[in-house]
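Please read these numbers as outputs of a predicted model, since none were measured by experiment. Note on naming: letters A, B, ... go to the chains in the order of the sequence lines (proteins, then strands), and numbering restarts at 1 for each one.
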2 protein chains.
Amino acid sequence: MQITRETDYAIRCVLYLVENPGKVIMVDSIAQDKDIPKSFLSKILQKLTRADIVSSFRGMKGGFKLSKNPDQISLLTVIEAIEGPVTINRCALDENICSLSNSCTVHPVWVALRGKLESWLSQHTFEGLTAKDK
Amino acid sequence: MQITRETDYAIRCVLYLVENPGKVIMVDSIAQDKDIPKSFLSKILQKLTRADIVSSFRGMKGGFKLSKNPDQISLLTVIEAIEGPVTINRCALDENICSLSNSCTVHPVWVALRGKLESWLSQHTFEGLTAKDK
DNA sequence: CATAAACGAGACTAATTTAGTCCTAATTAA
DNA sequence: TTAATTAGGACTAAATTAGTCTCGTTTATG
Ligand code: FES
Ligand code: FES
């Protein structure tokens with residue numbers, strides 16, 4: 001029951017961009033500061049771009065910057081951009097996956113947990129994550 | 001962010017034993033009723049036995065039964081028996097795993113989240129899971 | 001006490017996912 | 001024009017997941 005390393009990297013990466021508001025930052029800078037393999041980070045940034053969490057600029061002086069305000073980006077946003085939906089158990093996403101879903105008494109519990117988790121994760125935005133006070 | 005199939009099987013399996021209180025049940029019966037590959041289930045029941053969630057009886061008329069009351073077994077109990085501790089992020093378990101843990105502002109969030117999850121999972125016991133009313 | 005019916009343990013395997021790398025193409029500031 | 005930068009796809013290695021199989025041990029029972 002863990003997030004993947006890729007997701008962890010993605011979150012650190014967004015964090016770096018939040019810490020440098022407005023600037024267009026190169027992959028290399030993020031990779032070095034946040035200790036992430038550069039070519040892997042490249043792939044991650046592509047996913048974040050497609051999810052419209054960051055926007056990219058090609059060519060010389062290119063790089064990445066956030067495409068939203070930090071308070072519009074939550075942990076859930078980033079997790080879903082990288083891993084897809086948070087499911088807890090396969091059948092909490094798609095009923096048909098499990099042969100027992102109509103008789104299974106745990107099923108509603110997974111569905112409920114999934115809801116809770118999603119709500120917890122979306123309450124933590126990147127605005128809250130950099131606030132020095134609190 | 002999912003439990004494994006093995007864990008799902010383990011939970012179904014405990015559920016079956018809860019539904020048949022007192023009886024000593026063979027691997028084969030559980031496997032058939034809950035649609036789990038028999039030899040895989042065998043391994044799972046070994047883990048559950050070591051975790052003292054079920055007790056086993058060898059030889060003719062052998063099998064398994066719960067070794068606790070259903071209200072003493074939670075989802076967390078079973079998940080931990082199969083997968084080990086629930087961590088959310090690797091570094092929420094062991095600080096040393098991450099090079100950035102002292103400066104990282106997400107860290108405390110993972111730790112808090114882990115606590116929430118554990119508490120939620122341990123509140124759902126197998127007594128609650130079979131109650132037909134709610 | 002022989003035997004058949006169970007579980008226990010460990011070695012093994014196949015499939016899938018994770019965690020990357022690498023190369024070529026497209027863009028763009030200067 | 002060119003050097004710097006991302007985009008995309010193919011590829012690979014390692015780890016984890018999801019099992020199987022064989023052989024050994026235990027035990028109720030005729
Ligand atoms: S069918 Fe969904 S948890 Fe059992
Ligand atoms: S070091 Fe623990 S989450 Fe960043």
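Put simply, the side chain of B:Lys38 and the base of D:dG19 share no donor and acceptor less than 3.5 Å apart.
Between the CZ atom of A:Arg90 and the C1' atom of D:dA18 there is a distance of 11 Å, rounded to whole Å. A:Lys47 places its NZ atom 12 Å from the C1' atom of C:dG20, with the value rounded to the nearest Å. For the pair B:Lys43 NZ and C:dA6 C1', the computed distance is 15 Å after rounding to whole Å. For the pair A:Arg5 CZ and C:dT17 C1', the interatomic distance rounds to 13 Å; values are reported in whole Å. As rounded to whole Å, 8 Å separates atom C1' of C:dA9 from atom CZ of B:Arg50. Note: CZ (A:Phe40) to P (D:dT12) measures 18 Å, nearest angstrom. The CG atom of A:Leu41 sits 12 Å away from the C1' atom of D:dT6 (whole-angstrom rounding). Atom CD in B:Gln2 sits about 10 Å away from atom P in C:dT17, given to the nearest Å.
Contact annotation for A:Gln46: base contact, defined as any heavy-atom pair under 4.0 Å involving a base atom.
Between A:Leu75 and A:Leu129 there is a side-chain heavy-atom pair separated by less than 4.5 Å. Using a 4.5 Å heavy-atom threshold, the side chains of B:Leu41 and B:Cys13 count as touching.
Here the side chain of A:Thr87 pairs no donor or acceptor atom with the backbone of A:Arg90 at under 3.5 angstrom.
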Walk me through it: do A:Asn69 and A:Thr125 pass the test side-chain contact (heavy atoms from CB on, under 4.5 Å)? CA-CA 10 Å; A:Asn69 285 330; A:Thr125 70; over 6 Å; no

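No close placement of the A:Trp120 and A:His124 rings is indicated, their centers lying 6.0 Å or farther apart.
In the model, B:Ser42 has no side-chain atom that pairs as donor or acceptor with a side-chain atom of B:Ser39 under 3.5 Å.
The environment of A:Lys116 atom NZ is sparse: at most 12 non-hydrogen atoms of other residues, nucleotides or ligands sit within 6.0 angstrom.
Shown for residues 56-67 of chain A: residues whose heavy atoms fall under 4.0 angstrom of DNA chain C, namely A:Arg58, A:Gly59, A:Met60, A:Lys61.
Under 4.0 angstrom from either OP1 or OP2 of C:dG20 there lies at least one side-chain N or O belonging to A:Tyr9.
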